[in-house]
Asks: 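Handing you a structure now.
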There are 2 protein chains.
Amino acid sequence: MGRIKTDNNASRKDVIIEKAAILFKEKGFKAASMRELADVVGVEAASLYNHIKSKNELLHEICFSVANRYNQKLELLEAESVSSLQKVENLLRFHIDGMVHHFEEVFVSDREWKHLSEPYLSNFQNQRRSYRKRFAAIIEEGIKNKEIKKIDATTAVLIMFHAISGIESWHRSKQKISGKELEENMIAILVGGLKK
Amino acid sequence: MGRIKTDNNASRKDVIIEKAAILFKEKGFKAASMRELADVVGVEAASLYNHIKSKNELLHEICFSVANRYNQKLELLEAESVSSLQKVENLLRFHIDGMVHHFEEVFVSDREWKHLSEPYLSNFQNQRRSYRKRFAAIIEEGIKNKEIKKIDATTAVLIMFHAISGIESWHRSKQKISGKELEENMIAILVGGLKK
DNA sequence: AAATAACACTAACAATCGTTAGGGCAAAAG
DNA sequence: CTTTTGCCCTAACGATTGTTAGTGTTATTT
């Protein structure tokens, strides 16, 4: 068939992961086969194994690449000296942006992490739990400061994250508003729902 | 192994569907096998086929049972003569309640419908699109009435539905607030985010 | 009690799955 | 140019998948 074509300085493994994210998003991790992936990449299924160890490796590369990006952002954000409500807005915008511009991998990380194999599964779940707790802490701080209405912070976090994952529908819709408009609308509703 | 036990006036097929919803929720439709399902039901895999036609039938029974319930509710709601904002709140509460009390089937319908086979897939997608449009129309009415702030109605719908599907996290969490508290918190944030 | 229908079993099927082995060719290094 | 390395191929493996055929057993009806 010919070699896997790489752009710039991306490795062949990177190319495979990128295509895998698209495929996993479309069909789901379990339903996507290595033969389909090979087709998309332009190679025979067996050839993929010159670059990767297993199908599962693809999934955890995707999941942890996303998780690391978000953890890093949160780290920075916590150190900033702005109001709690601004921190929330800032983080929401980051998530919305991620969902708009790195759609496939974020989507896969969100929806298919259950299929991770141990020890990655436990690791991922722990990171996820911790991330949400830290976000909840920001909201609780905002409640204490009377910037945010008195609500259950855990529930607020749940709403925020899942609302954002709904950008999936925006991607699928034919006639869609621009990414920027989407972002402003989401912020208006979500941040508006938190304000006193 | 012995016969499938049925409660009350539920058919054996109903029992299978019920167990299938639980299994599909836990492992995903593709990852769940008929042999696993048979185990849960307490029977050999082949015996399931005395009651159902295929694995796919199970999925579309689940999906359309949920879809029909929501369509019926919307029908009634549209006829009610209350304010737009109240209609929105009413529908949100219905969805929250569904997610709390009929968790497995609603979750499966929400997340696994992609695996429906034709013509059920197209049918389901059409119903879904139509449902969302009708919900968006209610919101747009509310905007015209100046009950609801000026936002993109489609985006609002997207946020609402996906926020509600986040109740999945609530089910998984160890120390959770009550269903009623959850509902009130969600309404506070979501309806609060719409109000002018 | 006899006949019928409903249901569960064992065994097996064809298809598809992820993955490995081993060989050949092209690019890179010497 | 020669050697080595990287990459892709074909072929095949063992496991698992959904499902069917055929037979026996239990419950229901006559």
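Proteins come first, then strands; the chains are lettered A, B, ... in the order of their sequence lines, and each starts at number 1.
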Asks: Would you jot down, in residue-number order, the residues of residues 24-35 of chain B having a non-hydrogen atom under 4.0 Å from DNA chain D?
Replies: B/Ala32, B/Ser33, B/Met34, B/Arg35
Asks: I need the CG-C1' distance between B/Asn56 and D/dG18, as an integer number of Å.
Replies: 10 Å
Asks: Would you kindly give the CG-to-C1' distance between B/Leu37 and D/dT16, to the nearest whole Å?
Replies: 16 Å
Asks: Under 4.0 Å between a Lys/Arg side-chain N and an Asp/Glu carboxylate O for A/Lys13 and A/Glu57?
Replies: yes
Asks: Roughly how far apart are A/Ile177 CD1 and B/Asp152 CG, rounded to 0.5 Å?
Replies: 4.0 Å
Asks: Quick test: give all pairs of protein nitrogen or oxygen and nucleotides 20-27 of chain C nitrogen or oxygen below 3.5 Å, distance rounded to 0.1 Å.
Replies:
none

Asks: Once you round it to whole Å, what is the distance between C1' of D/dG18 and CD1 of B/Ile52?
Replies: 10 Å
Asks: Ignoring backbone atoms, test whether B/Ser47 places a side-chain nitrogen or oxygen under 4.0 Å from the OP1 or OP2 oxygen of C/dC9.
Replies: yes
Asks: Please confirm whether B/Phe124 and B/Tyr120 have ring centers closer than 6.0 angstrom.
Replies: no
Asks: Quiz question: by atom type and distance under 3.5 Å, do the side chains of A/Ser178 and A/Glu181 form a donor-acceptor pair?
Replies: yes
Asks: Please state how far atom CG in B/Asp14 lies from atom P in C/dC7, giving the value in whole angstrom units.
Replies: 12 Å
Asks: Which whole-number value in Å describes the distance from A/Glu36 CD to C/dC17 P?
Replies: 7 Å
Asks: Grab the NZ-C1' distance between B/Lys13 and C/dA6 for me, whole Å please.
Replies: 15 Å
Asks: Of B/Arg69, B/Lys25, B/Arg111, which meets salt bridge (Lys or Arg N to Asp or Glu O under 4.0 Å) against B/Glu105?
Replies: B/Arg69
Asks: Give me the bend of the helix from C/dA1-D/dT30 to C/dG30-D/dC1, using the axes of the five pairs at each end, rounded to 10°.
Replies: 10°
Asks: Respond yes when some side-chain nitrogen or oxygen of A/His51 is under 4.0 Å from OP1 or OP2 of D/dC8, and no when none is.
Replies: yes
Asks: Can you tell me how the ring of A/Phe29 sits relative to the ring of A/Phe24, calling it parallel under 30°, perpendicular over 60° and tilted otherwise?
Replies: perpendicular
